[in-house]
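Since the structure comes first, as structure tokens, the remarks are kept for the end.
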Amino acid sequence: MAAGNVDFRTCNYTTARDPRVILLEDMDQFEVQVFEAYHQRGFPRVVVNYAGLITAVSYEAKKLGINRDATPRAQDALKICRNLILIQQPQDADIKLKEASYKIRLAVDSVLQSLNPPPVFQYSSPDESYIDITAYIDSMEERYGYDNLVHQDLKYWENCSQEVRLIYGSLIGARIIKKILQATNYQSSIGIGCNKSIAKIGSALHKPGSITILAPTGLQQFAEFVKIEGISGLGGKLGDVIKHKFGVETMLDLQNVRHVRLAKTVTFNGNWIGYEKATVILNKAYGLCDDEVVPIKYASTATVSHQFYGHTFTRTQYMTEILELYVDKMLERLHFEKRNHNRTPTTLKFSIFLTNRNNIHAKLENVMWHEINNKGKMIDSFGYDNTSIIPQYWDKNAQVDKVQIVAKFADNPTQVYAVSAFSFMF
DNA sequence: CTTGGCTAGTTTC
DNA sequence: TGAAACTAG
């Protein structure tokens, strides 16, 4: 039973108890751990991609005020700390991260499979997963009885079976963290709560290397310290609009926003977010969330993309360049999916995102169509045919989607560049 | 002044 | 469903 429809206007949510025990396992400074040279540990470091942008920040560097918002570029960060260690992303960074992610999942899985019944595992991102151990905790209580199960030291909590359940969850959390460390030498943190939203908030509170339990009874006490953007789903535009429109800053403030007014908040392409979504958001402000942990082992689509500076794609030769550049990257990804997930794609989609910063987009777009709308030709050129290297990874019923072209325009154009992407769908 | 950048994935219309 | 908008790190 989840929280259900709670009337958030009258809700004292210490009474609206969700019996679930949900963990969010989150890797600490994931990219830094994966790419760091061993001897550099303990120093301020950042991971930098090929374009000089920071993709991950070590905790030592975070303490100095380096982060992806304030100092998006390595050169900005170096101004703050001359001795900052720059860890260059390798060419196949995405694959290396996915390999690491896969090892982590195996480690987590080995712990989960030792439990009866096995918890529900939901892949959320390469460094994050949700785990629902409610059924396991239930069965523990059934097997041993609450009184026998609860350690003497915990018994001073009267009527706090929910808290005790969460604490038992932390024992599983500790095993997971330990197993990940053994298997990969990577550190991670875990948040534990009665729903996904709370577990997620908790996981970030005491990084690195910690387990944080957030009991609903204590949530109200620190709701005023949780920023709106710290709530999952409110870290972007939506959160910004809400903060601006209602003058709210924290989770606590958000509780006082009127449902009707929130529903009529405009976002997504100029539309109201609507009553349903407003309910979900307000519930989250109260620490309530009905989202279930669903069994997902990995993402349902796969994308490889790249940004080509200075390329306008106005010439055929550029298309050839792109395709040649991509073949290795695509094959690597297909290998990975076959090897680790035993799946082959059925659909390929090719997208190009143009940012034309010199106001010649109409012409460009026109040429683009002529260059790549002939998809047969394009696909042939990287070998999608009988003699191809690709088909061994392809589903028999594979169909190639039509070419998608998206033109995107910047407000303050100074340079022409383009992004292209291949997506595989399974 | 001189860019907000990059990549990967999901949600929404 | 395709295309665009969105989130996230």
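Letters A, B, ... mirror the listed sequences (proteins, then strands); counts begin at 1.
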With DNA chain B as reference, determine whether A:Asn49 or A:Trp272 sits nearer its 5' end, using the nearest nucleotide of each.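 Per heavy-atom nearest nucleotide, the more 5' residue is A:Asn49.
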Salt bridge [X]-[Y], side-chain N to carboxylate O under 4.0 Å:
{"X": "A:Asp138", "Y": "A:Arg165", "result": "yes"}
{"X": "A:Lys98", "Y": "A:Glu337", "result": "no"}
{"X": "A:Lys200", "Y": "A:Glu128", "result": "yes"}

In terms of heavy-atom contacts, does NZ of A:Lys178 have more than 12 from other residues, nucleotides or ligands at under 6.0 Å?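 No, not enclosed.
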Distance between C1' atoms of B:dT3 and C:dA8 (Å, rounded):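 22 Å, rounded to whole Å.
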Spacing of the P atoms in B:dG4 and C:dG9 (rounded, Å):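 To the nearest whole Å, 23 Å.
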What is the distance from [atom1] of [X] to [atom2] of [N], rounded to the nearest Å?
{"X": "A:Lys200", "N": "C:dT7", "atom1": "NZ", "atom2": "C1'", "result": "10 Å"}
{"X": "A:Arg68", "N": "C:dT7", "atom1": "CZ", "atom2": "C1'", "result": "12 Å"}
{"X": "A:Asp127", "N": "B:dT7", "atom1": "CG", "atom2": "P", "result": "18 Å"}
{"X": "A:Asp291", "N": "B:dT10", "atom1": "CG", "atom2": "C1'", "result": "13 Å"}
{"X": "A:Gln29", "N": "C:dA8", "atom1": "CD", "atom2": "P", "result": "21 Å"}
{"X": "A:Glu31", "N": "B:dT7", "atom1": "CD", "atom2": "P", "result": "12 Å"}
{"X": "A:Lys207", "N": "C:dG9", "atom1": "NZ", "atom2": "P", "result": "10 Å"}
{"X": "A:Gln122", "N": "B:dT10", "atom1": "CD", "atom2": "P", "result": "11 Å"}

Hey, can you tell me if A:His341 and A:Tyr298 have their rings parallel, tilted or perpendicular (30° and 60° cut-offs)?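 Parallel, since the angle between the ring planes stays under 30°.
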Determine the contact category for [X]: base if any of its heavy atoms lies under 4.0 Å from a base atom, sugar-phosphate if only primed atoms, P, OP1 or OP2 are that close, otherwise nothing.
{"X": "A:Gly52", "result": "nothing"}
{"X": "A:Ser125", "result": "nothing"}
{"X": "A:Glu128", "result": "sugar-phosphate"}
{"X": "A:Asn271", "result": "sugar-phosphate"}

Any idea which of [options] is nearest the [X] side chain?
{"X": "A:Leu238", "options": "C:dT7, C:dA8, B:dT10", "result": "C:dT7"}
{"X": "A:Pro72", "options": "B:dT10, B:dA8, B:dG5", "result": "B:dG5"}
{"X": "A:Arg73", "options": "B:dG9, B:dT3, B:dG4", "result": "B:dT3"}
{"X": "A:Leu53", "options": "B:dG5, B:dG9, B:dT12", "result": "B:dG5"}
{"X": "A:Lys237", "options": "B:dG5, C:dC6, B:dA8", "result": "C:dC6"}

Is a donor from one side chain sitting under 3.5 angstrom from an acceptor on the other, for A:Glu36 and A:Gln29?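 No, A:Gln29 and A:Glu36 have no side-chain donor paired with an acceptor closer than 3.5 Å.
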Phosphate OP1/OP2 of B:dA8: any A:Lys98 side-chain N/O under 4.0 Å: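 Indeed not, no polar side-chain atom of A:Lys98 lies that close.
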